[in-house]
Amino acid sequence: MLNRQTRPITLTNSGVKYLQGLEKIESSYSALLSESIKYSKNKKQISIGINEVLASRLLPEILSAYKQGFPNKSQRIFIEENYSNALENDLL
C-alpha cells in the first residue's frame with residue numbers, strides 16, 4: 001500500500017483506492033448519523049436495529065452525538081440488542 005521507492009513515501013494505486021473506500025465509508029456513516037438525529041427530533045422514541053457486534057462499536061458514538069445534538073432533552077433511551085438473523089427477519 002506504500003510505495004517506498006519514492007521520496008517522500010507515497011501511496012500505491014491500491015493504497016489510493018483503499019483510502020478512497022475508507023473516505024466513502026466515513027462519509028456514509030456521518031450521513032447515517034445525521035439522518036438518524038434529524039428523524040428523532042419529532043419522535044418520542046428512537047429505535048435502532050443493530051446486531052450485537054456493531055452495537056459495541058457504534059452505539060457509544062450514536063448516543064454521544066444524540067446527547068450533543070439535544071443537550072437539554074430529557075429522554076429515556078432503551079437499547080435492545082438482538083442477533084442479526086432476528087433483526088433481519090424484523091426488517092423483512
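The residues of the chain are indexed from 1 along the displayed sequence.
The same ILVMFWY cluster, assembled from side-chain heavy atoms under 4.5 Å apart, contains both V16 and I9.
For Y18, the side chain to side chain contact (heavy atoms under 4.5 Å, CB included) partners two or more places apart in sequence, or in a different chain, are M1, L22. By the side chain to side chain contact (heavy atoms under 4.5 Å, CB included) test, T10 is found to be paired with N3, T6, residues two or more places apart in sequence or in another chain being considered. L32 pairs by the side chain to side chain contact (heavy atoms under 4.5 Å, CB included) definition with S36, not counting sequence neighbours. Residues forming a side-chain hydrogen bond (donor to acceptor under 3.5 Å, both in side chains) with S14 (at least two apart in sequence, or on another chain): T12.
Side-chain atoms of S28 come within 3.5 Å of backbone atoms of K24 as a donor-acceptor pair (strictly under, hydrogens ignored). Formation of a donor-acceptor pair under 3.5 Å by the S34 side chain with backbone atoms of S30 is not found in this model.
In this structure, the separation between CG on L11 and CD on Q20 is 10.0 Å, given to the nearest 0.5 Å.
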